[in-house]
**Q** 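Before I ask anything, let me first share the structure, which is written out below as structure tokens.
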Amino acid sequence: MSSDDEGPVIKPAAPAAKPTGMNRFLKGAGDSSSESSDDEEGDGDSDDKSEGEEESDDDEKPGIRILSAQEKRFKEIEATGKAMDNALKINDWSTISNEFDKLVPCAPFYIRTLVSLETSVNDALSKEKAKKKLNATNAKALTAMKQKIKKAHKEHETEIKKYQQDPEAFERDYIAATTRETAPPAEKARGPAAAAVDDEFTTVGKGGKAMAFTADTILKNLQAVQEARGKKNTDRAEQIRILERSLEVSATTYQRIRVLLALISSRFDYNSAVATHMPTEVWLSAQREVDQLVTIVAADPSYSVQEITEDYDELLERTPTKEEGGIVRIRGSIISFVDRLDDEFTRSLQNIDPHGTEYVDRLKDEKVLYTTISRAQAFYERSKQPDPLARVIMRRLEHIYSKPNAVVQALEAAVSDSDIKPSSTLASQNDTTSLIHSLCVYLYKSGNTLLRTRSMLSHIFHHALYNNYHTARDMLLMSHLQESIHSADVATQILYNRTVVQLGLCAFRLGLIKEAQATLLEIFTTQRVKELLAQGVHQQRFQTISPEQEKAEKQRQLPFHMHINTELLEAAFLVSSMLVEIPLLASIDSEEQKRKTISKPFRRLLDFADRQVFTGPPESTRDHIMQASKALQEGEWEKCRDLIQSIKIWSLMPESTAVKDMLGERIQEQGLRTSCSLSLLSRTFAEELSASLDQSGGVVVFHRIDLSRTQQLAQTIAEKVSAMVDQNEKALDVKMGGGAGWGDRNAGEKGAKGGEQTQERRGTRTRGARGGARGGRGARFAQGLGNQMSSSQRQG
Amino acid sequence: MAKVIDIEADIPLHTVQLDALVVSKIIKHAREAPSTTAHGLLLGLDLDGTLEISNSFPLPHQHGDEAEKGSKTIARHQASMLRSLKEVQADDSVVGFYQATTLGAFFNQTLLDTQAIHQDKLRHGGIVIVHDLSQTAKGNASFRAFRLTAAFFDAYKRSNFSTASLISHRLTFSSIFEEVPLKIRTNPLLSSFLGKVAEPAAAQSTGESALEPTYSVLDLGTAGLTRNMEQIVEAVEAYRTEEGNLSYLSRQIAREKSKADAYVAKRKEENAVRVAQGLAPLPEEDVARLFKIPAEPSRLESLLLLGQIDAYAKSLEGTASTSLLKMYGARAGSGAETSD
């Protein structure tokens, strides 16, 4: 988050901006105090034990200086000093150490004590060496004291030097300086003061609470809040309240922008580590504020929110007239707010039970979120920031790519109602496809490869969803993503899987059974469909995953409304497998052929169903399909059709009746193929016959070749050897540069070309082999023999 | 007789002379042995570049399950055999071994190992005589003499059969062995015996004697064909498995390597950052210790399998071509008959 970066940047900026009238000492003092507090913060992180004390110190230091009741303070300090003196006399080093901790650095008294302590500690140490009479705690305290003094000495080296030169003048200087310049540190201290517990601080705390919410103090309040941000005891709700009130009173655009930036950041901070996602109300207000911010920035081109700006004074009011080029550039990042909003939205959906009404209610917020994203897009379009624009467009695309037309229309309706519109809307583009097309085209042109890949996949997904199978398939093939997707990040891989699956479903809807089966096969062979689609965590049977892994996996899950129904998917896959496999099974006549399966998952299920002793009426989708497969095997295509059509899950598919009709037709077709070769013919002839339907000639062609053992073996050898050649070619491909980056375009193309060539080569070879298997070889032999014979005859 | 007394074995071998006694002994042993892998030791002397093998004795068949015990028995048998031979003043210097095989596929690990041991220990490095049973069954006794090539022997000694080593040694299956010309010397006693054996066979009937050449030319030789093809299928299958293993291993190596590389790159980057920040760079840890990169797999096995496939294919080619020729001949003859 950008405001995180702001913290450290602001701090050094503040002292530098102080009026230069300050005397040299104070400047040094200011620097050293901020340094020391920084140091101590650093220490506090490393060792928690000493933190308690030091932290209160930390708060105290500036607190003391700001008080007008200086006398009181001095008295206290002096009291401490006395106590130390007393302790020194009785050699009680632990008391000294405690008292010293109470002391405030920078006061002249402190310096004075420091110097005197140093000498006495050194004395004590030398004495102790001689006598060793101190008890354990005392000795420990002494060494601790030595360390402390060393540290303090280092920190205040200049002052000590000055003090040693002229103690009187030093003191005078200090008093003069503090009385003159109490104001600026005072504001600085308000933030922590608000959270302080100590009695001393109630006064200051009151000052903090009484923070005057006027236009003038806004920037100061803002800084106070920002400094308190991320600290341990900061009350986040309180901060938000302060900022909200600041927003109400803010007068200028500059102030409003600044307050909004801070407020949105705090809203995102509000979420503690315990909660899984942001509360909806907070999210909604954050969303509203982002909207407001965009409106302000978009309305007034003389203000600009950018991630990188030049340093500027946080405390000064800025107006366009004063700035260079008439544009006030403010540090902040709208895109990260939008990203965060979107992420939080997804996270909340991940964590809400998808079957309750809460989920639906939450889902309704997508509309406003989508509007915000579109507005941000419009803003970036206007301010011409290509980088965040691409990101924001990707966000927008992710909201619409998987949605059917009606939903996109609803979302877009909200966008067109808003006052700021991006260049491409549904209204301007007429239909969803061209809207997505225009968004994607922008992303293709942008330089970011990740965004390009993702937008490409979204685009393909969209085409597949809208039944443009061939467009989607061609795009997927042309993208060459399948070669490089293994090296992509997990989210993109998930998107890729989703796209492939959607493509398979699309093919299925269009009746392209073979394509559907081939597309879906890969993902179903893994048997981890849910995991691959990020729709459920895979049960790890053999290994346990660490909580971090589990968390990461959970974060990857898609919200329920984006899920692709896996049961529907499975039904589509199994049915297309059935239509491909059953006719194949029927034409099998040898054991070796039987081993060649097209769809292993389907074959497994079928084998399992075959082993079942008793089959009841079908219940699940699988049951239906298995029984339908059996019916098809037996040639009862009508029964098969009825079984398939009675599967309930089809209702989830768009245009389910058309799909059902299509399936009926396909089943009839395949049933004919199956029954032709099997049931009818095997009844007619005693044994199984291999036959095929010559559709062009309209005749049934019977093949019957009795292979001798030698011939069979020859065929096997031919197969094995061709497999071996394939393997060798693959090995060669690996050697010759399969490893070289598929990612880059040139290599990809070259590789693809090489692949095509091998494919061609393979193709010709397999064709040849097939020809041989069909008896062509015998024919050729015969021919050769004939030639030879005729020539020999002639010779004879 | 001896032109040069060759004490240091300086004169390289250029021929192997096989005594007919040895030939008959090997054929007898190979035919009678329960398995196809009959093997035994060759005895003899070298003389002016010619290795004269004058005697041989079979070694007991080795069972797979009692390999250890078997090797001991063999050693004992060998020692006692040599001692006995010495006692009767016969040749007792081992010059190599013979191995019966089928279909010419003699490439296997044990043969290599034995020959490698011999090549190391024996004078002139020893010789392996390969006797092809299947060829003999068809009537052509096949004996070939081999020894390991220097390149292979070098690679073998280093037991390094990685791809790089294969390339640098220019090794393929055909360059594992070098063949030594072989001739058979028949002494008068044996030729008279052979003559005696052949005579009654000619008188009695045609098909009984293995040495009867009259009708074997008409045999198509398809008997061994099926077996031969099965062998090819088996060998190809084994080769594929081996190749699969190799590619799996090489993938694994590549994966581990890329992991290690990524680690090194990351460490370098980190160090660059640290140096930029003015911190001391982290020590370069031993990457090999962190990532176990498996050794490159030995290609010997696939080399041998390829050799086997080649041998099977060649013998198939041989049988197929002769039988094809015979078929054409038969067809031509029958065609001529019908046309007559």
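Each chain gets a letter, A, B and so on, in the order its sequence line appears, and its residues count up from 1. Values reported hereafter were calculated over all heavy atoms of this structure, with side chains retained and with hydrogens, waters and symmetry mates removed. Since the model is a prediction, treat every value here as computed from it, not as a measurement.
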**Q** Can you sort out the partners of B:Glu237 under side chain to side chain donor-acceptor pair (under 3.5 Å), two or more places apart, ordered by chain and number?
**A** A:Lys720
**Q** I would like to know whether B:Val236 and A:Ile717 meet side chain to side chain contact (heavy atoms under 4.5 Å, CB included); could you show each step before the answer?
**A** CA-CA 8 Å; B:Val236 171; A:Ile717 288 176; 6.0 Å; no
**Q** Rounded to the nearest 0.5 Å, what separation is found between the CD atom of B:Glu230 and the OG1 atom of A:Thr716?
**A** 9.5 Å
**Q** If you draw a 6.0 Å radius around CD in B:Gln252, do more than 12 non-hydrogen atoms from other residues or ligands fall strictly inside?
**A** yes
**Q** So with a 6.0 Å cut-off around CG of A:Asp387, is the heavy-atom count from everything else above 12?
**A** no
**Q** If the contact rule is any heavy atom under 4.5 Å from chain A, which residues of residues 242-251 of chain B qualify, in numerical order?
**A** B:Glu243, B:Gly244
